[in-house]
Amino acid sequence: MNTIDSLLLGFHVAFQWDVLWYAFLGCVVGTLVGVLPGIGPLSGMSILLPATYGLDATKAVIMLAGIYYGSQYGGSTTSILMRIPGEASSVMTCIDGYAMAQKGRAGAALCIAAVGSWIAGTFGVVVLTVIAPPLANFALRFGPPEYVALLVLGLIFLAYMSSTSLPKTLLMASVGLLLGTIGIDNMTGHFRFSFDIPELGDGIGIVPVAVGLFGLGEILSTPAANVVGKVMTPKLRELLPTRKEWQESAMPITRGTVLGFLIGLTPGSAHIISSFLSYAVERRFSKHPEEFGHGAVAGVAGPESANNAASTGAFVPMLALGVPTGPITAVLIAALVVHGVQVGPQLVTEHPDVFWGFVASMYVGNLMLLALNLPLVGLFVNVLRIPYAYLYPLVIMFCIIGVYTVNNSIVDVWIMLIMGLLGYGLRKFGLDAAPLVLGLVISPTFEMSLRQSLIMSNGNWLIFFQRPIAIALFCACAFLLFLALLSVVRARKDWRAKLAEAEAGEPSS
Amino acid sequence: MLRSDHVTSAACVVFGICVFAMSTDLPTGAWSMPGAGLFPKLLGAFIIGFGFLLLIRARDSVPFADIDWKDLPHALRVAVITAVAIACYETGGFILTMALMMFAFLVGAERKNVFRAALYSAGVTVLTYFLFTVALKTPLEQGLLKF
């Protein structure tokens with residue numbers, strides 16, 4: 001079957017009424033998650049993961065992916081109207097989006113953000129359609145040493161791209177890898193760190209950890225008294241940008257789309273990084289850089305396109321290689337595994353309906369989001385009128401339901417609470433929880449591949465430097481470590497340090 | 001001056017040592033046949049190593065005394081109420097435990113009007129119960145009271 005036939009199969013799956021319904025549901029929930037400050041796509045997906053257990057794998061992954069890319073659309077709404085980033089990737093949109101809103105161009109900013117997001121999302125899916133299957137074919141050549149090299153590269157790339165320091169990211173990833181060793185060892189049957197708690201025999205699930213660290217952790221560190229904001233609702237007739245605004249946004253959308261997709265392929269918080277880099281690129285390319293910070297159209301169009309393209313790009317390594325590039329794709333992998341679908345290079349051949357149905361649903365989902373985010377923006381903004389003091393108890397209730405229903409295990413809910421407290425503590429000490437979740441997810445594959453490699457080579461570590469693909473991947477690791485070391489030696493404030501400042505809420509205009 | 005990274009570093013070293021101590025009963029095996037204890041011990045060593053690495057640029061981190069703990073009382077209240085709810089969940093069942101938990105959040109932590117809080121807690125909990133059990137076909141915990 002060629003790509004066109006496969007895509008037609010995908011559309012056949014995606015256009016079934018029930019699949020369309022779940023794609024729509026995912027897009028609506030995603031937009032709400034993006035609009036609401038304090039609930040990110042990861043916590044939204046984690047909380048709703050158990051609700052997908054009654055669905056088949058295709059519908060489950062389509063709904064969860066809808067939440068992810070829907071949140072990228074919704075995140076721009078609060079950034080533009082309230083200067084509150086609905087989620088981290090919308091931080092850069094706050095600067096010029098809110099400035100445009102102050103000048104009475106809130107509708108135009110929202111429209112440019114939505115159209116840019118749609119173009120970027122659709123471009124991302126087209127490229128995904130073309131490159132994911134050949135990449136999956138290539139990945140069939142991977143053995144255990146190549147997987148070890150790939151996962152090491154993923155961790156080092158994550159650490160390099162991270163806004164916190166490299167040792168801190170690798171430290172958190174190591175803790176995550178360690179958490180992943182809890183339970184019965186698959187090769188020898190030994191119980192590890194289970195402290196005579198039978199529920200821990202199966203290990204720690206990603207859901208309690210992700211919901212605890214990101215959902216509950218966020219609530220613990222956000223007192224209700226601190227969440228205030230004036231809600232501005234643009235009228236429908238104010239949504240159309242002027243001809244000049246369209247012209248000013250064309251190239252930033254194009255550049256943001258390409259840049260965002262390329263960054264999305266790499267591990268880390270690609271959707272956040274891409275919006276920051278896109279903003280920097282647009283300011284560099286602009287004939288009027290002095291307008292940035294005061295309502296530059298390019299400052300909205302570029303970052304919004306980039307974060308959507310990045311969120312689609314992140315699906316390429318997940319679908320083609322079975323490797324999560326971040327905690328969000330890790331949750332999607334967990335959803336597929338729960339339904340008995342093993343993610344990896346064989347996904348495209350063994351489950352073409354899931355793979356192509358998922359790809360086709362993203363074309364449809366992006367259209368749905370465009371329709372949802374423009375005419376209904378006033379409706380979504382109204383959600384922000386619910387006082388946070390009434391909202392967070394509801395979120396905690398959903399966290400408990402979500403975690404408990406995975407295994408009907410109260411131990412999982414206790415783990416969620418412990419992780420929530422850990423997440424609160426990590427924030428205080430400037431540590432990022434995302435690498436921990438990524439480490440937890442890749443831990444079983446990493447350990448199994450490492451041990452298999454050592455058994456294959458009779459204990460010779462040189463096996464990792466005797467196979468061309470593994471050598472290439474380790475060379476990339478060495479190069480990244482060299483770059484990281486260089487920035488330490490020069491002690492210069494590079495783009496990653498500036499990203500950290502922006503994420504902390506101090507965007508430099 | 002004590003910095004946040006100094007504290008993180010010390011915690012990592014202690015945690016890494018604990019990992020080694022807890023892994024003593026796990027066989028390390030040989031390089032040619034790694035045992036169940038090899039990977040955890042490697043990770044324990046890495047955690048200690050990264051802990052020491054943090055010390056290199058610890059002076060650039062926030063002074064420990066400057067960390068803002070103003071939200072700690074709120075966090076503790078939320079954590080305690082959640083912990084009590086988790087402890088009672090299987091016995092009390094979904095509706096009773098969750099309604100009481102939400103009421104406790106609204107009245108105990110947020111000082112909201114008692115009548116409104118009771119109405120909101122009961123209404124939202126019952127709606128959620130029907131959403132999950134009827135619409136999503138996900139049975140929720142019934143507890144001793146069977147609802």
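In the text below, chain A, chain B and the rest are named by the order of the sequence lines, each starting its count at 1. Note that the structure is a prediction, hence the values are computed from the model and not measured.
In this structure, chain B has heavy atoms under 4.5 Å from both the backbone and the side chain of A:I455. Residue A:M397 touches chain B through both its backbone and its side chain, counting heavy-atom pairs closer than 4.5 Å. Of the two parts of B:A30, neither the backbone nor the side chain holds a non-hydrogen atom closer than 4.5 Å to a non-hydrogen atom of chain A. Heavy atoms of A:F398 lying under 4.5 Å from chain B belong exclusively to its side chain. With a 4.5 angstrom heavy-atom cutoff, A:L450 touches chain B only via side-chain atoms. The part of B:T128 that comes within reach of chain A is its side chain, from C-beta onward, which places non-hydrogen atoms under 4.5 angstrom from that chain. Contact annotation for B:I81: neither backbone nor side-chain heavy atoms come within less than 4.5 Å of a heavy atom of chain A. Contacts of B:V124 with chain A are made by both backbone and side-chain atoms, with heavy-atom separations under 4.5 Å. Looking at B:I67, the atoms closer than 4.5 Å to chain A (heavy atoms on both sides) all sit in the side chain, from C-beta outward. Of the atoms belonging to B:K112, it is side-chain heavy atoms, and not backbone ones, that fall under 4.5 Å from chain A. Contact of B:I47 with chain A is made through backbone and side chain together, with heavy-atom distances under 4.5 Å. Looking at A:S174, the atoms closer than 4.5 Å to chain B (heavy atoms on both sides) sit in the backbone and in the side chain alike. When heavy atoms are compared at a cutoff of 4.5 Å, B:M101 approaches chain A solely by way of its side chain, counted from C-beta outward.
Ranked by non-hydrogen atom pairs under 4.5 Å with chain B, the options A:I410, A:D185, A:I400 are led by A:I410. Options A:N458, A:L216, A:N460, A:N186 differ in how many heavy-atom pairs under 4.5 Å they form with chain B, and the most are formed by A:N458. Interface check for chain B: of the options A:T188, A:T181, A:L178, the most heavy-atom pairs under 4.5 Å are formed by A:L178. If you tally non-hydrogen atom pairs under 4.5 Å between each of B:A83, B:A87, B:C12, B:G49 and chain A, the highest count goes to B:A83. Of all the listed residues (B:S4, B:P40, B:S23), the one sharing the greatest number of non-hydrogen pairs under 4.5 Å with chain A is B:P40. Listed options A:F191, A:F195, A:F193, A:Y404 were ranked by heavy-atom pairs under 4.5 angstrom with chain B; first place goes to A:Y404. Chosen from B:L38, B:L42, B:V62, B:L54, the residue pairing most often with chain A at heavy-atom distances under 4.5 Å is B:L54. Interface summary for chain A: among B:L72, B:D60, B:V7, B:L140, the most heavy-atom pairs under 4.5 angstrom belong to B:L72. In terms of heavy-atom pairs under 4.5 Å with chain B, the best-connected choice from A:P387, A:G420, A:S457, A:G459 is A:G459. Note: A:L171 leads A:L394, A:L171, A:L55, A:N408 in heavy-atom pairs under 4.5 Å with chain B.
A:Y424 meets the side-chain hydrogen bond (donor to acceptor under 3.5 Å, both in side chains) test with B:D71; sequence neighbours excluded.
For the 3.5 Å distance criterion, the side chains of B:E110 and A:Y388 fail to qualify, holding no donor opposite an acceptor.
Taken to the nearest 0.5 Å, the CG atom of B:L106 stands 7.5 Å off from the OH atom of A:Y392. The line from NZ of A:K168 to OG of B:S9 is 11.0 Å long, rounded to the nearest 0.5 Å. We find the OG-NZ distance between A:S221 and B:K70 to be 14.0 Å, quoted to the nearest 0.5 Å. Between atom CE of residue A:M416 and atom CD1 of residue B:I86 there is a gap of 5.0 Å, rounded to the nearest 0.5 Å. In this structure, A:L177 CG and B:F39 CZ are separated by 5.0 Å, a value rounded to the nearest 0.5 Å. Rounding to the nearest 0.5 angstrom, the gap separating the CH2 atom in B:W31 from the CG atom in A:L454 is 7.0 Å.
Other residues, nucleotides and ligands place no more than 12 heavy atoms under 6.0 Å from the CG atom of A:D196. No more than 12 heavy-atom neighbours from other residues, nucleotides or ligands sit within 6.0 angstrom of OH on A:Y22. The 12-atom threshold is exceeded at CZ of B:F103, counting heavy atoms of other residues, nucleotides or ligands nearer than 6.0 Å.
Exactly one of B:I56, B:L53, B:D5 qualifies for a side chain to side chain contact (heavy atoms under 4.5 Å, CB included) with A:P167. That residue is B:L53. Of the options A:L417, A:V413, A:I219, A:L220, a side chain to side chain contact (heavy atoms under 4.5 Å, CB included) to B:T82 is made by A:L417 and by none of the others.
A heavy-atom distance below 4.5 Å is found between the side chains of A:Y390 and B:R116. A:I401 is listed as a side-chain neighbour of B:F94, based on a closest heavy-atom distance under 4.5 Å.
A donor-acceptor pair under 3.5 Å links the side-chain atoms of A:K428 to the main chain of B:D68, judged by distance alone. Judged by distance alone, the side chain of A:R192 and the main-chain N or O of B:L26 form no donor-acceptor pair under 3.5 Å.
Contact detail for B:A36 and A:R451: the closest heavy-atom pair is N-NH2, 3.8 Å.
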